[in-house]
Amino acid sequence: MFSNVDWIEDCDTLPLTPPGAPAGAESGVPAASRGAGSRVTRMAEDRAQGASEWVDHVVRIRDARDEAAFAELFAHFAPRVKAFLIRSGADDGLAEECAQEVMATLWQKAHLFDPARASVSTWVFTIARNRRIDALRRQRRPEPEDLPWGPEAEPQQDDVLALQQDSERLAEALRSLPEKQRVLIERAYFGELSHSEIAEETGLPLGTIKSRIRLALDRLRHALR
Amino acid sequence: MTKPMNNDITHHLSPQLLMAYSAGTLPEAFDLIVASHLSLCDQCRAEAESYDAVGGALLEDEPTAEMAEDSLAATLRMIRMGGEPDEPAPARPGTHVLPRPIRDYVGGDLDAVRWQNVGRGVRQALLPVNGDARARLLHIPAGTAVPDHGHQGLELTLVLRGAFSDTDGRFGPGDVEIADQEIEHTPVAEEGEDCICLAVTDAPLRFSGLMPRLAQPFLKI
Ligand SMILES: [Zn+2]
């Protein structure tokens, strides 16, 4: 794990890394993928653009109850949520039902989505995970106390874009992990490892995204004062 | 918000626990103590949310499963039947002792806890969590050692008010002590203020009537 503070500061003033910018050294991309040079960074940027588009979809649902935006989100995420639930032990019927409920929850809670702290895939993952705990493990899911944000604390576009890019870089890093390590992480998320079996060092560059989320939390705390 | 962010927290959750919380694979009692610490600690909250991002990335790369033919229409019907979206709860900075995840189980703040005496002035209240792991609130009078503190699995203790000291150091509000079964520990509440904490333990294996409970200490289970 590493945390690249310089890079984060750069991002505050330079929200959009120009396509020609040198990749690697300051990009927050893990050493393993730097060898691929700007190709990896550009892929991350393309995907970040996709991630930001999903943010727009959620905003359209929140502000305009936009069913067309919902249909596109549904087409992308519902089949993934269903596969996730099947892999976690649900049969097809239960997974279908829960996937629909997860997508309905996304609509109902669109106003609670904070794009300065999570990508839409991350948010959908947390809803699907909670549904899984409830439906498959029959447990309640205690969640941390909300940090509600008022209209004046609407996140800034720069912060949103930077977080979405960080999320994509994390996803790229995950894809470029050695197979063995990636499988271990997947097993941890699909409930095949106990917490004591989870390795302390995951090899994931969580530092950048963690710092980004902390910044967002700090701002939120200040806005609430 | 329960209280202003506590920057004096020195004992945090481990990466393993944060990842398992994010993955959603912990027993409910452990989810409760993690959620309670996250309510008080931005550092761990940011780390937990970064583990959520790992889950999001895994979901994005997940192979897809085919949805039923009328799936979208059924979901839209479900949404219309659900009525208007939930309004966000207003921000209410309060003066609670218990973070909201615990209040949800207690049905209120500290004054709503139904305590039971367990000796030497120590009181406890079991919280109704599902599963085998147990969660209880402890009220330890200032200057008192926690009696009968043997446990057989992992035990986490989160301080909510006051402080205690143990072989691992001093634990104040927001701090979590992580003790596995190898650690012999005798927490002592500090002088001055009664100590209130949340303690969760992995349940020991339960034996059927065939094996006497007395055998457990010898088997070290
Ligand atoms: Zn912490």
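By convention in this document, chain letters (A, B, ...) are assigned in the order of the sequence lines, proteins followed by strands, and residues within each chain are numbered from 1. All figures in this text were calculated on a predicted structure; none of them were measured in a lab.
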- line: A:E96 meets the side chain to side chain donor-acceptor pair (under 3.5 Å) criterion, sequence neighbours left out, with A:K82, A:Q100, B:S71
message: Counting C-beta onward and ignoring hydrogens, is there a side-chain heavy-atom pair between B:L58 and A:R182 closer than 4.5 Å?
response: yes
- prompt: Do B:D31 and A:R140 meet the salt-bridge criterion of a basic N to acidic O distance under 4.0 Å?
  reply: no
query: Can you name the nearest heavy-atom pair linking A:E143 to B:Y21, along with the distance?
result: CA-OH, 3.6 Å
query: Is B:R80 paired with A:E67 through a side-chain N to carboxylate O contact shorter than 4.0 Å?
result: yes
query: Can you tell me how far CG of B:L59 sits from CZ of A:R129, rounded to the nearest 0.5 angstrom?
result: 11.5 Å
- prompt: When rounded to the nearest 0.5 angstrom, what is the spacing between CD in B:E62 and CZ in A:F190?
  reply: 4.0 Å
task: Report the residues that fulfil ring-ring contact (aromatic ring centres under 6.0 Å, His included) with B:F30, sequence neighbours left out, ordered by chain and then residue number.
output: none
statement: CG (A:L206) and CD (B:E49) are apart, to the nearest 0.5 Å, by 12.5 Å
B:Y51 OH to A:L170 CG distance, which is reported to the nearest 0.5 Å: 10.5 Å
- request: Look up atom CE in B:M19 and atom CD1 in A:I185, then write down how far apart they are to the nearest 0.5 Å.
  value: 5.0 Å
- line: dist A:F74:CZ -> B:L76:CG (nearest 0.5 Å) comes out at 8.0 Å
message: With heavy-atom distances below 4.5 Å as the criterion, would you say the side chains of B:R103 and A:E145 are in contact?
response: yes
Check: A:M103 and B:L72 side chains under 4.5 Å, non-hydrogen atoms: no
task: Give the minimum heavy-atom separation between B:Y105 and A:P142, together with the two atoms involved.
output: OH-CG, 3.5 Å
